[in-house]
Every structure is written in C-alpha cells, then in structure tokens.
Amino acid sequence: METSGLPPVRRFTADEAMRMVELGIVGEDEHVELLDGAFVEVGQQGPEQAYATTVLSDRLRGVYRGHFQVREEKPLAAGEHDLPEPDVAIFRGGDADYWSRHPSGRDSILVVELALSSQSIDRRKASVYAAAGVPVYWLVDLAARRLELRTTPVDGAYQVTRILAEDDVVELPASNERWAVRDLLPPP
C-alpha cells in the first residue's frame with residue numbers, strides 16, 4: 001500500500017533503456033546514464049576532465065595493451081536497472097569479446113571516474129559498481145587532487161576505501177605498475 005503520498009515510480013531496465021536509444025527516444029548524444037532504473041543527467045566534460053580522461057586512458061592502454069581492453073565512456077552492464085558509463089574502464093578480453101554485449105562488472109579489473117564537480121554522483125555509483133562485482137573502483141577527485149580507492153566489493157558495498165593524496169602511490173590491478181596519484185591528475 002502506498003503511504004508516502006507520492007505516485008509510484010516506474011523504473012526502467014537496462015534492456016528497455018537500450019531499446020529507447022535504438023528507437024531514438026533517448027538520443028545517443030544525450031548525456032544520461034541509467035542508475036537505479038532512472039535516467040540521470042551527467043554533465044558535459046570540461047577541458048580539464050577531458051584532458052585527464054584522455055591522458056589516463058592513453059597511459060592505461062600502454063600498460064594493458066594486448067592483455068586487456070581499455071574503454072572510455074562506454075556502457076557497463078551493472079545489473080537489471082543500471083547501465084553506467086564510467087569515464088575509463090579496463091576489461092578482460094579484446095574488442096571481439098564485446099561485439100554483441102556490453103562488458104559486465106565481473107569482466108572488469110578497474111573502473112575509473114574522474115570528477116571535477118560530479119563527486120556526489122560518482123560516489124553514488126560506487127554502490128552500483130560494487131553490486132556489479134567491479135573489483136577495484138577509483139574516483140579521481142580532480143578538485144581535491146586526490147584518489148578515492150575502493151576495493152573488496154561485498155553485497156553492494158566496498159569493504160575497503162582509502163583516500164590517497166597526490167604524493168601517495170597506487171598499484172594498478174593485474175600489473176606490476178605503481179603510479180603516484182599526481183600522475184593521474186592534470187597539471188596544477
């Protein structure tokens with residue numbers, strides 16, 4: 001029985017959202033992501049975030065080339081009602097492995113969001129990524145110049161969260177690489 005006084009909300013599934021894109025109901029160029037069954041508007045990237053995303057993606061491709069796939073701003077199948085588009089994500093396999101489906105959280109080794117002003121929504125996405133089985137989630141906070149590192153997803157929540165400052169070092173998953181957090185950030 002409805003007791004809040006608000007009408008019931010119709011949540012969309014990821015399949016319905018993709019069908020709406022195919023039919024042109026939701027434009028491919030619209031800046032929205034499906035989170036908890038709702039289309040959430042995400043802002044356009046400014047130059048600082050676009051720069052940081054491009055530089056980080058290029059560096060990650062250099063580390064993971066031939067072993068994993070690095071994708072920018074592409075859908076991640078995160079559950080029945082979630083289809084986020086992380087800024088950068090690294091998945092097992094190659095291009096052909098995902099020609100007929102979007103990679104899932106369990107296919108990933110790392111998902112990265114870069115935030116200049118979207119920290120609250122990117123923190124909200126942490127539970128989506130944890131529920132999807134993403135083993136490592138980085139929120140690169142460009143404004144605070146730090147990295148929020150989340151690992152060990154259990155029951156829709158990350159059990160470990162570490163805040164790393166510019167001078168701290170982070171290990172790249174499935175790699176022997178270690179990078180200073182400052183190397184993930186645009187120039188000061």
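Reckoned from all heavy atoms, side chains included, excluding hydrogens, waters and symmetry mates. This one's a predicted model, so the numbers in the text were calculated from it and none came from an experiment. One-based numbering along the sequence shown.
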A.B. asks: Test side chain to side chain contact (heavy atoms under 4.5 Å, CB included) on D97 and F91 and set out the steps.
C.D. replies: CA-CA 10 Å; D97 293 317; F91 299 102; over 6 Å; no
A.B. asks: Can L34 be reached from L23 by stepping across I, L, V, M, F, W or Y side chains whose heavy atoms are under 4.5 Å apart?
C.D. replies: yes
A.B. asks: Keeping the roles fixed (side chain from Q49, backbone from G46), state whether a donor-acceptor pair exists under 3.5 Å.
C.D. replies: no
A.B. asks: If you look at every heavy atom in V26 and V32, which pair is closest and at what distance?
C.D. replies: CG1-CG2, 3.9 Å
A.B. asks: Please tell me if the side chains of E166 and L185 come closer than 4.5 Å, counting only heavy atoms from C-beta onward.
C.D. replies: yes
A.B. asks: For the pair S108 (side chain) and G105 (backbone), establish whether a donor and an acceptor sit closer than 3.5 Å, ignoring hydrogens and angles.
C.D. replies: yes
A.B. asks: Out of V112, V181, D122, T151, which residue meets the side chain to side chain contact (heavy atoms under 4.5 Å, CB included) rule with W138?
C.D. replies: V112
A.B. asks: Is there a path of hydrophobic side-chain contacts, each under 4.5 Å between heavy atoms of I, L, V, M, F, W or Y residues, that connects V21 with I25?
C.D. replies: yes
A.B. asks: Are the side chains of H102 and K74 in touch, meaning some heavy atoms are under 4.5 Å apart?
C.D. replies: no
A.B. asks: Without hydrogens or angle criteria, can the side chains of Q119 and E148 be said to hold a donor-acceptor pair below 3.5 Å?
C.D. replies: no
A.B. asks: Hey, could you give me the OG/CG distance between S127 and L35, rounded to the nearest 0.5 Å?
C.D. replies: 9.0 Å
A.B. asks: Between E16 and R10, is the closest basic N to carboxylate O distance under 4.0 Å?
C.D. replies: yes
A.B. asks: Are E85 and E113 close enough that some pair of their side-chain heavy atoms sits under 4.5 Å apart?
C.D. replies: no
A.B. asks: Side-chain contact, heavy-atom cut-off 4.5 Å: P173 with F68?
C.D. replies: no
A.B. asks: Search all heavy atoms of A78 against all heavy atoms of P84 and return the closest pair with its distance.
C.D. replies: CB-CD, 3.7 Å
A.B. asks: Flag the pair D183 and R178 as a salt bridge only when some basic side-chain nitrogen lies within less than 4.0 angstrom of an acidic carboxylate oxygen.
C.D. replies: no
A.B. asks: Nearest 0.5 Å, please: how far is CG in D167 from CZ in R146?
C.D. replies: 15.0 Å
A.B. asks: Is R145 reaching over with its side chain to a backbone N or O of P186, donor-acceptor style, under 3.5 angstrom?
C.D. replies: yes
A.B. asks: With heavy-atom distances below 4.5 Å as the criterion, would you say the side chains of L56 and L114 are in contact?
C.D. replies: yes
A.B. asks: So how far is it from K125 NZ to L76 CG, rounded to the nearest 0.5 Å?
C.D. replies: 10.0 Å
A.B. asks: Salt bridge between R19 and E22, side-chain N to carboxylate O under 4.0 Å?
C.D. replies: yes
A.B. asks: Measure the shortest side-chain to side-chain distance between V63 and R65 over non-hydrogen atoms and say whether it is less than 4.5 angstrom.
C.D. replies: no
A.B. asks: For residues R150 and Q159, determine if any side-chain heavy atom of one lies less than 4.5 Å from a side-chain heavy atom of the other.
C.D. replies: no
A.B. asks: For residues L149 and L142: do they belong to one hydrophobic cluster (side chain heavy atoms under 4.5 Å, members Ile, Leu, Val, Met, Phe, Trp, Tyr)?
C.D. replies: yes
A.B. asks: Suppose the criterion is ring pair (Phe, Tyr, Trp, His ring centres under 6.0 Å): which pairs have a residue in residues 22-57, not counting sequence neighbours?
C.D. replies: F12-F39
A.B. asks: If you count every heavy atom of other residues, nucleotides or ligands that lies below 6.0 Å from R11 atom CZ, does the total exceed 12?
C.D. replies: yes
A.B. asks: Roughly how far, to the nearest 0.5 Å, is CD of E72 from CG of L60?
C.D. replies: 9.5 Å
A.B. asks: Using the rule that Ile, Leu, Val, Met, Phe, Trp and Tyr join whenever any side-chain heavy atoms are under 4.5 Å apart, tell me whether V170 and Y64 fall into a single cluster.
C.D. replies: yes
A.B. asks: Does L147 belong to the same Ile/Leu/Val/Met/Phe/Trp/Tyr cluster as I109, with side-chain heavy atoms less than 4.5 Å apart forming each link?
C.D. replies: yes
A.B. asks: Measuring from atom OG of S118 to atom CG of D87, what distance do you get when rounded to the nearest 0.5 angstrom?
C.D. replies: 7.0 Å
A.B. asks: Going through the distances and angles, do V160 and Y158 end up as a side chain to side chain contact (heavy atoms under 4.5 Å, CB included)?
C.D. replies: CA-CA 6 Å; V160 177; Y158 285 104; over 6 Å; no
A.B. asks: Ignoring hydrogens and angles, tell me if any N or O in the side chain of D82 forms a donor-acceptor pair with the backbone of V128 under 3.5 Å.
C.D. replies: no
A.B. asks: Quick one: CD on E33 to CG on L83, what's the gap to the nearest 0.5 Å?
C.D. replies: 8.5 Å
A.B. asks: Are L172 and L110 side-chain neighbours, meaning at least one heavy-atom pair lies under 4.5 Å?
C.D. replies: no
